[in-house]
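Note sheet for the following structure.
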Amino acid sequence: MFSDADAAALYDLLNPWEPKRWPSDGFYDELVMAAHSVLDVGCGTGSMLHRAREGGHAGRLVGLDPDCAALARARRRTDIEWVEGTAAADAEWNAEFDLATMVSHAFQCLVTDHELRASLAAIRAALHEDGHFAFETRHPQTRAWEGWNPSNASDVTDASGRALLVWHEIESVVGDVVTFTATTAEPDGAVLRIDRTSLRFLGVAALDTFLAEAGFEVEARYGDWNRGPVTSTSREIITIARRA
């Protein structure tokens with residue numbers, strides 16, 4: 001058996017939040033530490049907000065996520081507010097935050113137009129008049145999903161010392177939505193768990209249309225974590241939008 005709690009713990013093992021090591025984490029850490037109040041949408045296990053509090057952030061930190069197993073790990077720290085739910089259905093804050101974030105490509109989990117529009121509207125409503133929304137999405141031009149296949153499987157040892165094998169496999173690519181599975185198995189290939197995910201790959205023009213419709217203005221746009229411009233080879237579309 002491989003439970004939801006096991007999967008959440010494995011996610012932390014595979015994706016440690018280390019601002020001094022990973023430029024993406026450092027990028028967001030700088031923004032969070034400069035904001036008095038932060039709403040992290042799709043906070044997962046809460047690693048970014050945990051690190052901010054450990055780093056001396058003294059303001060309000062709130063994490064929102066629909067995954068109760070991930071939130072159980074997040075709630076190990078009680079000096080941060082944790083809310084179970086999604087922005088589209090459960091965010092009811094009104095002008096309470098300086099900064100909203102969606103990190104680790106969480107923005108791509110907003111697959112339908114309705115979910116995307118409702119989420120952006122709720123995020124905008126949660127921000128102060130001069131608040132900002134920071135997020136990133138993989139640039140569709142690099143077709144990152146083509147590397148998500150069993151030939152790129154990872155050998156992992158979890159916190160209990162158990163050896164695991166993890167791989168991804170594409171099920172479908174329909175328009176700008178990619179659906180894939182993540183399989184966790186024993187070293188001999190015996191499957192313990194399969195998780196299915198759909199992600200949306202929007203280009204710059206489509207992103208900006210949705211943002212403008214929701215009442216955001218793009219303040220900064222980068223193609224890499226060193227704040228370089230978006231180019232024909234950029235793997236990321238990193239956006240800082242301001243509430244218009």
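Just so you know, these numbers come straight off a predicted model, no measurement behind them.
- Heavy atoms only, all atoms of each residue included: Gly85 and Asp90 are closest at CA-OD2, 3.2 Å.
- With values rounded to the nearest 0.5 angstrom, Ile123 atom CD1 is found 10.0 Å from Trp93 atom CH2.
- A pairwise comparison of heavy atoms in Ile237 and Pro140 identifies CD1-CD, 4.2 Å as the closest pair.
- In this structure a side-chain-to-backbone donor-acceptor pair under 3.5 Å is missing from Asp158 to Leu10.
- Nearest approach of Glu18 to Asp25, heavy atoms of both residues: N-OD2, 2.9 Å.
- Listed for the Gln141 side chain is a donor-acceptor partner under 3.5 Å among the backbone atoms of Ser232.
- Between the CG atom of Leu99 and the OG atom of Ser37 there is a distance of 8.0 Å, given to the nearest 0.5 Å.
- Hydrophobic cluster of Trp22: no remaining members, since no ILVMFWY side chain lies below 4.5 Å from it.
- Using a 4.5 Å cut-off between side-chain heavy atoms of Ile, Leu, Val, Met, Phe, Trp and Tyr, with links allowed through other members, Val38 and Trp17 fall into the same hydrophobic cluster.
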Item to check | Worked verdict on Asp12 versus Arg73 for salt bridge (charged side-chain N to carboxylate O under 4.0 Å, His left out) | outcome: CA-CA 9 Å; Asp12 275 348; Arg73 289 185 65 80; 2.9 Å; yes
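- Grouping the Ile, Leu, Val, Met, Phe, Trp and Tyr side chains by contacts below 4.5 angstrom, directly or via other members, places Met48 apart from Leu39.
- Between Cys43 atom SG and Ile80 atom CD1 the span is 9.0 Å, to the nearest 0.5 Å.
- Residues Val191 and Leu164 fall into different hydrophobic clusters, defined by Ile, Leu, Val, Met, Phe, Trp and Tyr side chains chained together at heavy-atom separations under 4.5 Å.
- In terms of hydrophobic clustering, with Ile, Leu, Val, Met, Phe, Trp and Tyr side chains grouped at heavy-atom distances under 4.5 Å, Val83 and Val41 are assigned to a common cluster.
- Shortest non-hydrogen contact noted between Leu13 and Ala159 is CD2-N, 4.5 Å.
- Here the CZ-CD distance, from Arg196 to Glu169, works out to 10.5 Å after rounding to the nearest 0.5 Å.
- Checked by atom type, the side-chain pair Asp98/His128 shows a donor-acceptor distance below 3.5 Å.
- With contacts defined as side-chain heavy-atom distances shorter than 4.5 Å, the pair His139/Arg235 does not qualify.
- Side-chain atoms of Arg193 come within 3.5 Å of backbone N or O of Phe2 as a donor-acceptor pair.
- Judged by distance alone, the side chain of Arg243 and the main-chain N or O of Glu129 form no donor-acceptor pair under 3.5 Å.
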Next on the checklist: ring pair (Phe, Tyr, Trp, His ring centres under 6.0 Å) for Trp225 and Tyr28? Distances and angles first, verdict last.
Outcome noted: CA-CA 10 Å; Trp225 297 109; Tyr28 283 111; 5.7 Å; yes
Item to check | Pair Phe210-Asp208, side-chain contact (heavy atoms from CB on, under 4.5 Å): steps then yes or no | outcome: CA-CA 5 Å; Phe210 280 111; Asp208 288 352; over 6 Å; no
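- Taking the side chain as every heavy atom from C-beta outward, Leu202 and Asp176 approach each other to under 4.5 Å.
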Checklist entry - side-chain contact (heavy atoms from CB on, under 4.5 Å) between Phe135 and Leu211: does it pass, once the steps are laid out? => result CA-CA 12 Å; Phe135 67 96; Leu211 289 168; 4.2 Å; yes
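- The shortest distance between side-chain heavy atoms of Trp167 and Asn149 does not fall below 4.5 Å.
- Inter-residue side-chain proximity for Phe133 and Phe216 is flagged as met; some heavy-atom pair is nearer than 4.5 Å.
- For the pair Glu236/Thr137, no side-chain contact is recorded, criterion being any heavy-atom separation below 4.5 Å from C-beta on.
- A donor-acceptor contact shorter than 3.5 Å is absent between the side chain of Asp29 and the backbone of Gly26.
- Within the 3.5 Å criterion, the main-chain N or O of Cys68 finds no donor-acceptor partner in the side chain of Glu84.
- Nearest heavy atom pair, residue Ser234 against residue Thr142, reads O-CG2, 3.3 Å.
- No side-chain heavy atom of Thr184 sits under 4.5 Å from any side-chain heavy atom of Leu165.
- Between the side chains of Glu136 and Tyr222, no donor-acceptor pair is found at a separation under 3.5 Å.
- Around the CD atom of Glu171, the shell of radius 6.0 Å holds more than 12 heavy atoms that belong to other residues, nucleotides or ligands.
- With 3.5 Å as the limit, one finds a donor-acceptor pair spanning the side chains of Thr239 and Arg221.
- For the pairing with Phe97, the side chain to side chain contact (heavy atoms under 4.5 Å, CB included) check across Asp40, Val62, Leu61 returns one residue only, Val62.
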Item to check | CA sep, side-chain torsions, deciding dist, call: Val177, Gln108, side-chain contact (heavy atoms from CB on, under 4.5 Å) | outcome: CA-CA 9 Å; Val177 176; Gln108 291 186 251; over 6 Å; no
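- Side chain of Arg53 to main chain of Gly59: a donor-acceptor pair is present (N/O by atom type, distance under 3.5 Å, no hydrogens or angles).
- Pairing each heavy atom of Leu199 with each of Cys109, the nearest pair is CD2-SG, 3.8 Å.
- Panel note: side chain His105, backbone Val103; no donor-acceptor pair is recorded below 3.5 Å.
- Residues Thr197 and Thr179 have side chains not in contact (no heavy-atom distance under 4.5 Å, counting atoms from C-beta outward).
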Next on the checklist: Would Thr157 and Arg162 count as a side-chain contact (heavy atoms from CB on, under 4.5 Å) here? Give the steps.
Outcome noted: CA-CA 5 Å; Thr157 301; Arg162 174 172 47 176; over 6 Å; no
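- Atom CG of residue Leu49 and atom CZ of residue Arg77 lie 10.0 Å apart, to the nearest 0.5 angstrom.
- Without hydrogens or angle criteria, His168 side chain to Thr183 main chain gives no donor-acceptor distance under 3.5 Å.
- A salt bridge (charged side-chain N to carboxylate O under 4.0 Å, His left out) check over residues 55-69, counting only residues at least two apart or in different chains, returns the pairs Arg60-Glu81, Arg60-Glu96.
- Here Arg138 contributes atom CZ and Arg143 contributes atom CZ; the two are 14.5 Å apart, rounded to the nearest 0.5 Å.
- For Trp82 and His50, the ring centers are positioned less than 6.0 Å apart.
- The cluster map of Ile, Leu, Val, Met, Phe, Trp and Tyr, joined by side-chain heavy atoms under 4.5 Å apart, puts Leu71 and Tyr11 in different clusters.
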